[in-house]
Amino acid sequence: MYIPIPIDRTIFEKHSTYVRTALVAYSAVFHDLGDLSKKEYLERIIRDSLEYAKTLCKE
């Protein structure tokens with residue numbers, strides 16, 4: 001089942017370097033060093049994108 005979720009992709013395009021860095025930080029789990037991931041960066045940009053899309057839908 002497909003449930004459409006409104007998301008503003010322009011944020012990802014405009015801030016592609018931040019998104020890439022956030023993806024790397026999110027997946028920073030190492031065999032010898034353990035879990036060094038920082039999930040909050042990717043979560044924040046996704047949350048911002050969803051919130052911005054909500055404002056566009058209301059217009």
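- Pairs of residues two or more places apart, or lying in two chains, never qualify as side-chain hydrogen bond (donor to acceptor under 3.5 Å, both in side chains) while including a residue from residues 16-25.
- Grouping Ile, Leu, Val, Met, Phe, Trp and Tyr by side-chain contacts under 4.5 Å, direct or through others, puts Phe30 with Leu33, Leu36.
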Can you give me every donor-acceptor pair (side chain of residues 3-13, partner residue at least two apart or in another chain, under 3.5 Å) with its distance?
unit_1: Asp8; atom_1: OD1; unit_2: Thr10; atom_2: OG1; d: 2.9
unit_1: Asp8; atom_1: OD2; unit_2: Thr10; atom_2: OG1; d: 2.8

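- Tyr26 and Ser37 make their closest contact through O-CB, 3.1 Å (heavy atoms, listed as atom of the first residue, atom of the second, distance).
- Sorted by first and then second residue, the salt bridge (Lys or Arg N to Asp or Glu O under 4.0 Å) pairs involving residues 28-47 (not counting sequence neighbours) are Arg44-Asp48.
- Side-chain heavy atoms closer than 4.5 Å link hydrophobic residues (I, L, V, M, F, W, Y) into clusters, and following such links, even through other members, never connects Val24 to Ile45.
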